[in-house]
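Working notes for the structure below.
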Amino acid sequence: MNPRKRIAFVGIGNMGTPMSANLVKAGHDVRLYDLNVARAREHARAIGCDAADDLRGLADGREIVITMLPDDRSVRALMLEADGQGLAAHLSRNTILIDMSSSSPAATRDLCGRLAERGLRMVDAPVSGLVPRARDATLTIMVGCDDESTRIEAESVLCAMGNRILAVGGTGCGHAMKALNNVVAATCFAVTAEALIAGSRFGLDPGTMIDVIDSASGRNFHTATSFPNEVLSGRLASGFTAALLAKDVGIAAELASSLGLETPIIELSASRWRDAAQALAQGADNTAAAALWADQNHVGLTRAAGNGAD
């Protein structure tokens, strides 16, 4: 049984809400914080923990800080800049920051160095899996950390939120792995959508195409899940926005470019998703990109009546 930890959890959004609830369920002493103070208080009451009104109150007595924020800029602002000095100024030495946001690997390494100057430790631990897996504590978590003892201590908490905790390398490697995983997923989604659009224009039923591809060599996560559940049904509500996916794909493209690599497919995917995110309404689900591309080609992507999967 893992020891009870005193945790500050920052970011009560779609993912942070169930993740923080699972930490409380696992027996940890959790204190919540969000820019939307009312939301943090309401969630704290619902799950049986405390919420802090300010950074000093958030930091008091905490051993671990977990951030689930939109990007690395938000994490840096919280830790170093908020209220003129940042959360880091209020934390005790050896406190661990576990950044579970989707952040830039380079920014993570820079922040880790700045926190180390203050005697603080850092682990990057982004997740793979949407809201249902966050609720079920079955997320895959990719862990980057230079210090083994810090990583092991962080993993004693991470296991309350995921069932696959994968150590992938030193500081920044978790965020690099998340971005590279997501560019593969995003590219698979885009090319699957384009194949369905081409097939539909030719006369094939998109639902039949998904059934065939998902049982053949083109099978991927999206043929098994996103297209049958979200796109062909018209639901378009997987719980992960197009803007966040475009951001992650952009991080992967920036990483490849910084390494001096020639990666034309990653660059094309980044451009494709950036354009889609800009064209879609704010907050639109990533699966809405398929409907956008279909509309641009004057093609429908719905399953024909009577052609449901067996």
Side-chain angles (χ1 to χ4, degrees), residues 13-15 17-18 102 126-140 162-164 178-249 252 265-266 268-270 272-277 279-310:
N14 289 339
M15 295 290 284
T17 297
S102 293
V127 307
S128 180
L130 299 173
V131 173
R133 288 179 60 188
R135 291 195 193 104
D136 296 342
T138 57
L139 294 168
T140 294
N163 64 351
R164 297 202 70 194
K178 169 67 180 288
L180 294 170
N181 172 76
N182 277 16
V183 75
V184 171
T187 304
C188 284
F189 183 94
V191 75
T192 301
E194 291 180 7
L196 295 188
I197 289 167
S200 184
R201 174 64 59 80
F202 188 76
L204 289 165
D205 168 50
T208 300
M209 289 186 70
I210 283 297
D211 294 343
V212 172
I213 295 170
D214 196 49
S215 63
S217 58
R219 177 181 171 85
N220 60 70
F221 171 82
H222 297 297
T223 61
T225 302
S226 302
F227 281 90
N229 295 345
E230 306 296 338
V231 177
L232 301 186
S233 68
R235 199 173 80 100
L236 306 177
S238 72
F240 189 57
T241 69
L244 287 176
L245 184 55
K247 181 206 68 176
D248 289 354
V249 176
I265 295 175
I266 289 179
L268 180 60
S269 185
R272 188 73 159 140
W273 279 100
R274 182 176 59 249
D275 291 347
L280 290 166
Q282 184 176 6
D285 196 77
N286 77 93
T287 57
L292 170 70
W293 297 327
D295 288 345
Q296 290 172 342
N297 285 283
H298 308 292
V299 167
L301 288 186
T302 56
R303 186 184 289 275
N307 282 347
D310 292 336

Worksheet item: How many angstroms lie between atom NE2 of His298 and atom CD1 of Ile197, to the nearest 0.5 angstrom?
Response: 11.5 Å
Fill in: Spacing of Thr192 atom OG1 and Ile210 atom CD1 [to the nearest 0.5 Å]
6.5 Å
Fill in: Considering all heavy atoms, the nearest Ala246-Trp273 contact
CB-O, 3.5 Å
Discussion item. Within the 4.5 Å heavy-atom criterion, are Asn220 and Thr223 side-chain neighbours or not?
Written reply: yes
Discussion item. If you compare all heavy atoms of Ala243 against all heavy atoms of Ala277, which two are closest, and at what distance to 0.1 Å?
Written reply: CA-CB, 4.0 Å
Practice prompt. Return each pair, listed once, that meets ring-ring contact (aromatic ring centres under 6.0 Å, His included) where at least one residue sits in residues 219-238; pairs must be two or more places apart or across chains.
Written response: Phe189-His222, Phe189-Phe227
Worksheet item: Which heavy atom of Asn14 sits nearest a heavy atom of Val131, and at what distance?
Response: O-CG2, 3.8 Å
Worksheet, complete the sentence: The reported gap from CG in Leu280 to CG in Leu292 (rounded to nearest 0.5 angstrom) is 5.0 Å
Worksheet entry | Close side-chain approach of Leu139 and Met15, heavy atoms under 4.5 Å | yes
Worksheet item: Looking only at atom types and distance, does a side-chain atom of Arg201 sit under 3.5 Å from a main-chain N or O of Asn297, one as donor and one as acceptor?
Response: yes
Worksheet item: Would you say Ser233's side chain and Asn229's backbone share a donor-acceptor pair under 3.5 angstrom?
Response: yes
Worksheet entry | Partners meeting side chain to side chain donor-acceptor pair (under 3.5 Å) with Arg133 (sequence neighbours left out) | Thr140
Fill in: With sequence neighbours excluded, residues passing side chain to side chain donor-acceptor pair (under 3.5 Å) with Arg135
none
Worksheet item: Are any side-chain N or O atoms of Lys247 and backbone N or O atoms of Ser102, one a donor and one an acceptor, separated by less than 3.5 Å?
Response: yes
Worksheet entry | Pairs involving residues 283-301, ordered by first then second residue, that meet salt bridge (charged side-chain N to carboxylate O under 4.0 Å, His left out) (sequence neighbours left out) | none
Discussion item. I'd like to know if the side chain of Lys178 and the backbone of Ser128 have a donor-acceptor N/O pair within less than 3.5 Å.
Written reply: no
Worksheet item: Will you find, in the side chains of Thr241 and Asn286, an N or O donor that is under 3.5 Å from an N or O acceptor?
Response: no
Worksheet entry | Heavy-atom closest pair, residues Ser238 and Leu130 | O-CD1, 3.6 Å
Please tabulate, for the side chains in residues 179-188, all donor-acceptor contacts under 3.5 angstrom to protein atoms that are two or more places apart in sequence or on a different chain.
from, atom 1, to, atom 2, distance (Å)
Asn182, ND2, Asp248, OD2, 2.7
Thr187, OG1, Val183, O, 2.7
Thr187, OG1, Ser269, OG, 2.9

Fill in: Gap separating the CE atom of Met209 from the CG atom of Leu204, nearest 0.5 angstrom
5.5 Å
Practice prompt. Give a yes or no on whether the backbone of Ala237 and the side-chain of Glu230 come within a donor-acceptor separation of less than 3.5 Å.
Written response: yes
Fill in: Student check: side-chain heavy atoms of Thr302 and Pro206 closer than 4.5 Å
no
Practice prompt. Grab the two heavy atoms, one from Thr287 and one from Ser226, that are nearest each other, plus how far apart they are.
Written response: CG2-CB, 4.3 Å
Worksheet item: Can you name the residues that form a side chain to side chain donor-acceptor pair (under 3.5 Å) with Thr17, not counting sequence neighbours?
Response: none
